[in-house]
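Take a look at the structure set out below.
One-based numbering, in listed order, for ligands and for the atoms of each. Please read these numbers as outputs of a predicted model, since none were measured by experiment.
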Amino acid sequence: MGKRIVIALGGNALGNNLPEQMIAVKQTARAIVDLIQEGHQVIIAHGNGPQVGMIQKAMAELTRSEPDKYIPCPLSVCVAMSQGYIGYDLQNALREELLDRGIRKGVATVLTQVEVDPADPAFAHPTKPIGAFMTREEADRLVAERGYDVVEDAGRGYRRVVASPRPQSIIEIESIRDMVDAGLVVVACGGGGIPVYKTEGHHLKGAAAVIDKDFAACVLAQQVEADTLIILTAVEKVAINFGQPNQKWLDSITPAEAKVYMARGHFAPGSMLPKVEAAVEFVESGPGRTALITLLEKAKDGVAGKTGTAIHR
Ligand code: ADP
Ligand code: MG
């Protein structure tokens with residue numbers, strides 16, 4: 001029977017620049033349409049690390065070259081631009097792959113805002129470096145003019161660091177649900193979502209942050225009542241003692257086992273740890289929910305239980 005599946009696409013599904021992305025999305029579309037062809041409902045979330053860095057840098061260059069004409073572009077707007085640009089490529093690749101297989105199905109990207117808590121401690125401790133390296137003078141100016149947080153990065157120069165707060169809820173969730181129920185293939189929560197917080201009245205204000213896409217996909221999967229959360233990344237399985245002689249690939253683990261491994265530091269912060277944390281949170285959010293972490297090209301085999309690391313009760 002068909003399942004409702006949220007797929008979180010990692011960096012290797014999109015490439016590092018424009019031509020790479022054009023090529024990468026073709027393979028990504030094949031992997032996704034394989035699941036659609038098997039009767040599953042698929043909702044797609046994705047990362048945006050290289051893309052948002054590229055856009056932020058381009059916008060900052062514009063301000064630098066013509067400061068009287070262009071004011072700096074807020075990071076939330078850069079995330080929105082990355083959603084549009086990535087959605088454009090994904091939508092087209094999916095459309096083409098579906099039509100090539102004779103499947104008539106609409107594909108739509110939802111520019112998705114994700115609510116964050118302005119009191120999230122992550123705002124007081126920005127950790128995520130983005131964009132280009134700067135000189136001390138440039139950095140000082142941005143600190144003074146824009147209130148940016150800047151760190152000196154290993155003797156190579158200064159870089160802006162941004163907060164990575166936890167996603168609380170998805171503003172467009174009802175539209176996303178309606179579109180999924182109507183049979184559309186939906187791309188949502190790109191780059192973790194445009195981070196916003198509620199101010200007076202119904203106003204939403206963009207936050208200078210980049211949300212982790214694994215956590216955003218976890219919230220999305222819960223809020224669309226998915227059966228499965230699949231996190232597609234650059235490894236076929238999750239390992240303990242990763243990269244060491246006693247490395248052991250994991251086929252299937254319970255949330256309780258995952259928590260023990262997390263506490264023992266088996267998963268690297270910023271890469272595998274958020275995936276396992278997201279998987280555990282999703283599985284514990286309701287009965288019958290499972291998560292899978294595997295390689296993009298193994299998605300179909302993973303859903304069939306043949307590979308990947310499954311997290312379930
Ligand atoms: P993505 O762009 O898909 O989010 P990341 O680079 O953030 O990819 O995370 C995936 C990477 O995590 C893998 O390529 C692997 O190098 C690394 N990793 C860290 N710890 C582990 C582990 N315990 N098991 C498997 N991979 C791990
Ligand atoms: Mg990552």
(Q) Within the supplied structure, the quantity of interest is the number of heavy atoms (other residues, nucleotides, ligands) at a distance under 6.0 Å from Lys237 NZ; does it exceed 12? (A) yes
Q.
Tell me whether Glu225 at atom CD has more than 12 heavy atoms from other residues, nucleotides or ligands lying less than 6.0 Å away.
A. no
Q. Between Asp214 and ligand 1, is there a nitrogen or oxygen pair with a distance under 3.5 Å?
A. no
Q | Identity and distance of the protein heavy atom lying nearest atom 6 (O) of ligand 1 | A | Ser271 CB, 4.1 Å
Q. Got an N/O contact under 3.5 Å between Val238 and ligand 1?
A. no
Q. Of the non-hydrogen atoms in Asn16 and Pro50, which two are nearest, and what is the gap between them?
A. OD1-CG, 3.5 Å
Q | Test salt bridge (charged side-chain N to carboxylate O under 4.0 Å, His left out) applied to Lys275 and Asp212, step by step | A | CA-CA 10 Å; Lys275 298 182 200 317; Asp212 186 290; over 6 Å; no
Q | Under 4.0 Å to a heavy atom of His266 - the qualifying atoms of ligand 1, by number | A | 23 (N)
Q. Counting each atom of ligand 1 from 1 as listed, which ones have a heavy atom of Ala268 under 4.0 Å away?
A. 19 (C), 20 (N)
Q: Determine which pairs satisfy salt bridge (Lys or Arg N to Asp or Glu O under 4.0 Å) with at least one residue from residues 281-290, sequence neighbours left out, and list them in order.
A: Lys259-Glu284
Q: Within a distance under 4.0 Å of any heavy atom of Ala234, pick out the atoms of ligand 1 and give their elements.
A: 14 (O)
(Q) Lys237 versus ligand 1: do any nitrogen or oxygen atoms come within less than 3.5 Å of each other? (A) no
Q | ligand 1 contact on Val235 by region, counting heavy-atom pairs under 4.0 Å | A | side chain
(Q) According to side chain to side chain donor-acceptor pair (under 3.5 Å), who are the partners of Ser169, at least two apart in sequence or on a separate chain? (A) Glu115
Q | Atoms of ligand 1 close to Gly11 [distance to a heavy atom under 4.0 angstrom, numbered from 1] | A | 1 (P), 2 (O), 3 (O)
Q. Are any of the N or O atoms of Thr233 closer than 3.5 Å to those of ligand 1?
A. yes
